There are 2 protein chains.
Amino acid sequence: MPSTPDTALHDNAARPSRREQILRAAAQLFAERGARAVGVDDVGAAVGVTGPAIYRHFASKDAMLAEMLLRISERLLAGSAEVVAAAGDDAAAQLRALIAFQVEFALDNPALITVQDRDLGVLSEPDARRVRQVQRRYVEEWVAVLARLHPEAPTAACRARAHALFGLINSTPHSAGRLARPAMARLLTGMAEAAATAPIC
Amino acid sequence: MPSTPDTALHDNAARPSRREQILRAAAQLFAERGARAVGVDDVGAAVGVTGPAIYRHFASKDAMLAEMLLRISERLLAGSAEVVAAAGDDAAAQLRALIAFQVEFALDNPALITVQDRDLGVLSEPDARRVRQVQRRYVEEWVAVLARLHPEAPTAACRARAHALFGLINSTPHSAGRLARPAMARLLTGMAEAAATAPIC
DNA sequence: CGCTCAGGTTAACCGCTGTTCACATCCGGG
DNA sequence: CCCGGATGTGAACAGCGGTTAACCTGAGCG
C-alpha cells in the first residue's frame, strides 16, 4: 500500500484534482441509482478512466462513500455554526438563519441530500458511526434553537420537530426543477418557518 | 414455471398466508438494511424457511419488491380518496383529513415509508413506471386540495408544497420512538397544517 | 541519461447472491 | 391405499462486481 491514499491531507481543493472529480461524479451517480447499484467501472467512466484506476485515489469504494458522507455532514455542521453565530442572540433570527442555510444547501445539492439519507446504511459500522456523530451534532444545533423558541416543549419534541423540518426542506430532490429556484426558496422558507413556530396544540 | 405464482389473484388476505408473512418480513428487513443488501436467504430465515423456498411464492426477488411497493401506493391512494370524499366540500376540512390520514399511516408503517422512497430505484423500469403512476395520482389528490386553498398559486407550487408536506410527515422513521405516539401525532399534524396554509410570501 | 514515482491499463481472481434442479415430505381426496 | 399437488430442502450453477496483480508510460530531476 503506497502511503495510504485515502487520508486526503495532502492536497488543497483549489483546482479540481482527479480525486475531487471522482468524488463529484460518484455523488451524481450514487444519487441517481443508489450507491450499491453503481460499479467502480461506472464511476471511472464518468471521469474518463477505467474502473481500477479509482484505487490509485481511494482505498476502496466504501472509503469513497464514507469520505463523501462525512464531508457533507461536516459542511452542514460548520455552516450552521457560522450562521447561528452571525445571527446574534435572538432565537427567532437564529432559526431564520438556519432555515435559510438549509434551504440554500438543499437547492444547491439535491444529489448530496439524496445520497446522505439513502446510502448511510451501506457504510461499515465504524464509518457509519463517525458520520452519525457529526449529523447528531448538526441536529443538536437546531434543537438548541428550537428549545429556546418553545421553552415549554420537551427536548424530544424539539428533536422530532427538527427532523420534520429536515424532511420538509430536503424534499427538493422529489420536486426537482418544476418551479423556478427563487420561488422554490421562498416557498420552502415560508413553510419551514410556519412549521417551526407552530404551537404544539 | 408452475402457473405464475406472482399474480396473487387467488388468495384473500384473511389469514396471514406464507405469502403475506414473507411480504411483511421482507418489508421490515428491506427498511432496515436496504433492498439490495438483504438476500433471499435472509428473508427466508425471517419466516423460518430456507432461501429458495421463496420462489414457491414469488417469481423473483424483484417481483416481491414490486408487489410490495405497488401495494403501498395503492393503499395510500385508496385511503386518501375515501378520506377526502368523507370530508365533504370544505377544502380546509379535506386538507385536515389528508394530513391526519398520512400522519396515521406514517406512524403505523415507518418501515414501508422508508422502503417506498429508498428502493424505488432498484425496480425494473416497467415495474417502477407502474408504481410511479399510482404515486402520481396520490400526489394529485393533494395538489387538487391545495389548489383550492391557494387559488392564486400556480400548480407547480402546489405540487412542490405537497412534496414538502410528505417530507415533513414521512420523517417518522428518523425520529423513531423518542416521543409518545399521541404527542408525535399532534406535533406532526400541527406542523403540517401550519406549513400547508402558510401564505406564499 | 537513467531512476523514480504517480497514475493508468488489461486480465484475472474470487466471493457473493439470485436462481434453478432434483429430490423429499406432507396431506387431502378418490 | 395410493396419487398428485403444494411446499420445502440442499446442492449446484452462473453472472456480476469489487479488488488485486503485472505491466506500461510520461514527467520531473540529479
Side-chain angles (χ1 to χ4, degrees), chain A residues 1-12 14-26 29-30 32-68 119 121-124 127, chain B residues 1-12 14-26 29-30 32-68 119 121-124 127:
Chain A
M1 66 188 82
S3 77
T4 61
D6 61 325
T7 43
L9 300 174
H10 56 86
D11 198 15
N12 55 14
R15 59 117 164 58
S17 65
R18 200 23 74 90
R19 235 183 111 83
E20 300 301 321
Q21 288 180 38
I22 293 174
L23 232 29
R24 252 197 286 279
L29 289 174
F30 287 0
E32 285 166 7
R33 305 183 223 162
R36 287 186 95 101
V38 342
V40 287
D41 288 351
D42 299 327
V43 177
V47 298
V49 147
T50 60
I54 303 258
Y55 291 85
R56 298 291 172 193
H57 304 276
F58 296 92
S60 69
K61 186 186 164 192
D62 285 343
M64 190 170 93
L65 217 203
E67 177 167 341
M68 189 156 114
D119 293 325
V122 332
L123 255 50
S124 70
D127 284 336
Chain B
M1 64 188 87
S3 77
T4 62
D6 62 324
T7 44
L9 299 174
H10 55 84
D11 200 15
N12 55 14
R15 59 117 163 59
S17 65
R18 197 26 71 89
R19 235 185 110 83
E20 299 302 321
Q21 289 181 37
I22 293 174
L23 231 29
R24 251 198 287 280
L29 289 175
F30 287 1
E32 285 166 5
R33 306 182 222 163
R36 286 187 94 101
V38 342
V40 288
D41 288 352
D42 298 328
V43 176
V47 297
V49 147
T50 61
I54 302 259
Y55 291 85
R56 297 292 172 192
H57 305 275
F58 295 91
S60 70
K61 186 185 164 191
D62 285 343
M64 189 170 93
L65 216 203
E67 178 169 339
M68 188 159 116
D119 293 325
V122 332
L123 256 49
S124 70
D127 284 336

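Lettering follows sequence order; numbering is per chain, from 1. This structure is a prediction, so every number in the text was calculated from the model and none was measured.
In this structure, B:Lys61 atom NZ and C:dT17 atom P are separated by 9 Å, rounded to whole Å. Rounded to an integer number of Å, the gap from A:Arg18 CZ to C:dG7 P is 10 Å. In this structure, A:Asp62 atom CG and D:dG17 atom C1' are separated by 13 Å, rounded to whole Å. Counting to the nearest Å, the P atom of C:dT9 and the OH atom of A:Tyr55 are 14 Å from each other. Summarising the geometry, the separation between CD1 on A:Ile22 and C1' on D:dG18 is reported as 15 Å, rounded to the nearest angstrom. Atoms CZ (A:Arg19) and C1' (C:dA6) sit 14 Å apart, rounded to a whole Å. For the pair B:His57 NE2 and D:dT9 C1', the computed distance is 13 Å after rounding to whole Å. If you measure from atom CE of A:Met64 to atom P of D:dT19, you get 10 Å, rounded to the nearest angstrom.
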Just the atom pairs and distances: protein N or O near nucleotides 14-16 of chain D's N or O, under 3.5 Å.
none

Tabulate protein N/O versus nucleotide N/O from nucleotides 23-27 of chain C, keeping only pairs under 3.5 Å, one per line.
none

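Taking all atoms of both residues into account, the shortest heavy-atom contact from B:Ala63 to B:Ser60 is N-OG, 3.1 Å. Of all non-hydrogen atoms in A:Ala26 and A:Val43, the two that sit nearest each other are CB-CG1, 4.1 Å. Of all non-hydrogen atoms in B:Met68 and B:Leu23, the two that sit nearest each other are SD-O, 4.0 Å. Across all non-hydrogen atoms, the minimal contact from A:Arg19 to A:His57 is NH1-O, 2.6 Å. Contact record, A:Phe58 with A:Met64: CD2-CA, 3.9 Å, taken as the closest heavy-atom pair. Scanning both residues, A:Leu65 and A:Ala35, for their nearest heavy atoms gives CD1-CB, 4.0 Å.
Under a 3.5 Å cut-off, the side chain of A:Lys61 and the backbone N or O of A:Val38 do form a donor-acceptor pair.
Interface residues of residues 40-54 of chain B facing DNA chain D, ordered by number: B:Val49, B:Thr50, B:Pro52, B:Ala53; criterion, heavy-atom separation under 4.0 Å.
Scored by the salt bridge (Lys or Arg N to Asp or Glu O under 4.0 Å) test, A:Asp119 finds no partners at all (sequence neighbours excluded). By the side chain to side chain contact (heavy atoms under 4.5 Å, CB included) test, B:Ala46 is found to be paired with B:Ala25, B:Leu29, residues two or more places apart in sequence or in another chain being considered.
The CZ atom of A:Arg56 sits 12.0 Å away from atom CD1 of A:Ile22, with the distance rounded to the nearest 0.5 Å.
Counting only residues at least two apart or in different chains, salt bridge (Lys or Arg N to Asp or Glu O under 4.0 Å) contacts with residues 39-52 of chain A comprise A:Arg33-A:Asp42.
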